[in-house]
Amino acid sequence: MSEHKACYGTMFHDTLHFTVNKEMKGKVFSFELDTIGLGRSDRLAQADISEWDDCLACPEFDHCYKFCLAKLTLESAIADD
């Protein structure tokens, strides 16, 4: 088993577990789902470019990014069911 940096696989916040009206931040990408009463009032997605640049400079970037996308795809499949 290889050792990875502590941030490996954390570009995105877990999309299955979140708190409304609060920023959910991964290393690079964050989102916020705001609600007022019973309905969704706003959705916000952001990227931290300085963290993205840090990731791009990392020798593990290619496989870390693929791993992050695989996790995001799985979370999306689970959330849609």
Where [X] and [Y] come nearest, the two heavy atoms and their spacing:
X	Y	answer
Cys64	Gly9	SG-N, 3.3 Å
His17	His13	O-CE1, 3.1 Å
Thr10	Cys68	N-SG, 3.9 Å

Connected-component partners of Met11 among ILVMFWY, side-chain separation under 4.5 Å: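 Its cluster mates, by chain and number, are Phe12, Val28, Phe29, Trp52, Leu56, Phe61, Tyr65, Leu69, Leu72.
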Residues which pass side chain to side chain donor-acceptor pair (under 3.5 Å) with Thr19, listed by chain and number, not counting sequence neighbours: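 Listed in chain order: nothing, the list is empty.
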Under the side chain to side chain donor-acceptor pair (under 3.5 Å) test, residues paired with Asn21 that sit two or more places apart: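 Side chain to side chain donor-acceptor pair (under 3.5 Å) check on Asn21 returns nothing, list empty.
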Glu32 side, atom CD; Arg43 side, atom CZ - distance, nearest 0.5 Å: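 That separation rounds to 13.0 Å.
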Selection residues 51-75 - residue pairs positive for salt bridge (charged side-chain N to carboxylate O under 4.0 Å, His left out), sequence neighbours left out: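 For residues 51-75, and leaving out neighbouring residues, the salt bridge (charged side-chain N to carboxylate O under 4.0 Å, His left out) pairs sorted by first residue read Lys27-Glu51, Lys27-Asp54.
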Pairing residues for Tyr8 by the ring pair (Phe, Tyr, Trp, His ring centres under 6.0 Å) criterion, not counting sequence neighbours: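 His4, His63, Phe67.
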